[in-house]
Amino acid sequence: MAKKLMKGNEAIGEAAIVAGAQAYFCYPITPQTEVAEYLAKRMPEVGGVFVQAESELAASQMIFGAAAAGARVFTTSSSPGISLMSEAMSYIAAAELPAVFINIIRCGPGLGGILPSQGDYLQATKGGGHGDYRFLVLAPSTIQETVDLTIEAFRLADKYRNPVMLIGDGLIGQMMEPVDFEGRTAPPRLDTSGWATTGCAGREPHIVKTLFLDPNVLEQRNRKMRDKYEQMKREEVRFETYLCDDAPELLVAAYGTTARVVRTAVDRLREEGVKVGMFRPISVFPFPDEPLRQQALVPSVKAVLVVEMSMGQMLEDVERALQGRRPLHFFGRGGGNVPAPEELVRECRRLLGNGQGGR
Amino acid sequence: MPRVQVDRDRCKGCELCVKACPQKVLGVSSRINFKGYFPAEPQRPELCLGCRICAITCPDVAIEIAVHGCRYNYFDY
Amino acid sequence: MGEPITIFKRPASLRDAFTHYCPGCTHGVIHRLIAETLDELGLRERTIGIAPVGCSVLAYNYFYCDFQEAAHGRAPALATGIKRVLPDRIVFTYQGDGDLASIGTAEIVHAANRGEKFTTIFVNNAIYGMTGGQMAPTTMPNQVTTTCPRGRDVNLAGWPLPVADLLAQLRTPSYVERVAVHTPRHIIQAKRAIRQAFQYQAERRCYSFVEVLSTCPTNWGKTPAEACQWLDEVMVPYFKLGLKKSPDRPPVE
């Protein structure tokens, strides 16, 4: 299948099918409803399960049931819906079940609006539900990358027996870009026969549960899950740098759609002889703190600017990574506004011009 | 002659079987079981008809019933 | 005298475990009726049960088949997920009144309305058991609980929620019956209903729902025998027993 012009939401749906998703449970919410509309047609064509639930909460619990029964499952939603799913997220992580959640973030909090935002970063990376658990969280910035990371998410979910989340935003969901599915295939499926509840013929019954009243038993599970997250930190860090190799004066950190705007601003500044580089985290849990620190501590770099479509959330991870060893600045747009390249060019000039301007 | 067997240690002494038995076969033991309940026990086993009502009533499946020779099916269960 | 013939013993689908239920609590009876049904219909090896949050959260320690444990009220959603990816397996949810009639109301109504082909056994004992006796949606008027210490005031908390009758109004075909387990005769009838419910599922016919009026001696503050009597005198007149809806009978237009 050669390159095809596709809307982000529909590309996500097709990517999940290519990845071998067997069941999709969903609920309509702008700006990601097209995933549901697309899969309502496509899932039956490929013999997959499609259910529109009575709520995102129910949809996420259907994900739990189907995952515990050994199926490869995923769901998509947007911010308010993801909040409703956070109960199930904790249970699915606790039961060590593979599942993929995709959040096409919209501006908030509350009902907020339907425009793009990155305001769910902390919810995604620090855990929206209760208890010691983490999601492996990836943040694509183009629709092609969204397709590839969606497929990768299913592989990682099986590898770690842990939910994986993609955080996009309304722009990624609604934009159309050429997408290539050539060579993309379904990751091999985890063998679930050792624990899935498929009926106990010929074996002892399997029980998938998360209640462990004995504190030592539960603590052991907590430790086992933490070890998984440590392994993710060692093996799953993903990031991209742009024009960082020639001793830039300023390093801009941004992810997702914002990184595309930053890239344009960096190009313009470079045309005016201002050496600026960009650091783009792709995995936001595990956060690339070591690579970011190395990049920021290059002697030429005078300061780090974080740009987000929020009031500053990844900012906290960047601050933790820099350990106070570089001045840290922030530029954020909210309410669904997307920062314009000119704004970022002005901000970078201001920071480099007189070097003041705090966070 | 039917034989009622009460698993002394499984019984929680709720006495529902004692009340339900049409023949008043079962009574409450005067010896506590390992959990400290006074379990039910057949006290007039010769009156047992093998109707299974006690076992049907028991919430803890503590009662087993066997019959010798012919078996009379009072009701379908 | 020949070899003794056993005419009543523990069903194979029920583990040999001692249960944690209080003396006289009829959860134990309901567990047995389900296990007997699984044995008689030969379903155990392809059955997946779903435990709720409540006294019966530990049901998986007592049933000898695959089980999942749901978040409070979410069992019908899990069951939907399982049944949709494994349509030929037998799936049942075992839920209490706090689980199903309170936090899980949306899940049960929509699972029934979608006509998901699993079975629900709804244990209605008019109180929250595990958490120590709070008012439930099915708590009776004037019934005293720890969160309605002067008795349920229908002007403040409304009337008890009749779930079986509620679900019977849905247009999607299903089997809905309310039974009780407070006397041997009622237990025998309850078993017939539970068996019919699993039968419909085994035939992939429709969603099946059995509401079972059950006792809670500890939190009702009664002896097991008094609890059965109270159920008969107070609950049964309000929660009318019987068949509420059948896939065989067309709905009343």
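Any value given below was found using the heavy atoms of this structure, including those in side chains, with hydrogens, waters and symmetry copies removed. Throughout, protein chains are lettered first and strands after them, A, B, ... in sequence-line order, and every chain is numbered starting at 1.
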K.L.:
Keeping R32(C) on the side-chain end and I56(B) on the backbone end, is there a donor-acceptor pair under 3.5 Å?
P.N.:
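Indeed, once roles are kept as given, a pair shorter than 3.5 Å links the two residues.
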K.L.:
Which atoms of L16(B) come close to chain C, meaning under 4.5 Å heavy atom to heavy atom: side chain ones, backbone ones, both, or neither?
P.N.:
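The answer is the side chain of L16(B).
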K.L.:
Test your reading of the model: is there a side-chain donor-acceptor pair from K12(B) to the backbone of T19(C), 3.5 Å cut-off?
P.N.:
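Side chain of K12(B) to backbone of T19(C), a donor-acceptor pair under 3.5 Å: yes, one is there.
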K.L.:
What distance separates L33(C) CG from Y77(B) OH, expressed to the nearest 0.5 Å?
P.N.:
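Here the rounded value is 4.5 Å.
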K.L.:
How far does CZ of F8(C) sit from SG of C58(B), to the nearest 0.5 angstrom?
P.N.:
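Rounded to the nearest 0.5 Å, the CZ-SG separation comes out at 8.0 Å.
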K.L.:
Can I188(C) and F75(B) be said to form a side-chain contact (heavy atoms from CB on, under 4.5 Å), step by step?
P.N.:
CA-CA 9 Å; I188(C) 294 162; F75(B) 49 82; 3.6 Å; yes
K.L.:
Are any of the side-chain heavy atoms of V67(B) and P4(C) separated by less than 4.5 Å?
P.N.:
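No, too far: nothing below the 4.5 Å cut-off.
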K.L.:
Between atom NE2 of H182(C) and atom OG1 of T57(B), what is the distance when rounded to the nearest 0.5 Å?
P.N.:
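Spacing of NE2 (H182(C)) from OG1 (T57(B)) equals 11.5 Å.
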K.L.:
Are D60(B) and R10(C) ion-paired here, with the side-chain N under 4.0 Å from a carboxylate O?
P.N.:
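The answer is no: the pair does not qualify as a salt bridge.
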K.L.:
Relative to chain C, which segment of R10(B) carries a heavy atom at a distance below 4.5 Å: side chain, backbone, both, or neither?
P.N.:
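When you check distances to chain C, atoms from both the backbone and side chain of R10(B) fall under 4.5 Å.
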K.L.:
Can you find a pair of side-chain heavy atoms, one from P23(C) and one from Y37(B), that are under 4.5 Å apart?
P.N.:
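Side-chain contact under 4.5 Å: yes.
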K.L.:
Before giving the answer on side-chain contact (heavy atoms from CB on, under 4.5 Å), spell out for T6(C) and I65(B) the whole-Å C-alpha distance, their side-chain angles and the decisive distance to 0.1 Å.
P.N.:
CA-CA 6 Å; T6(C) 300; I65(B) 303 167; over 6 Å; no
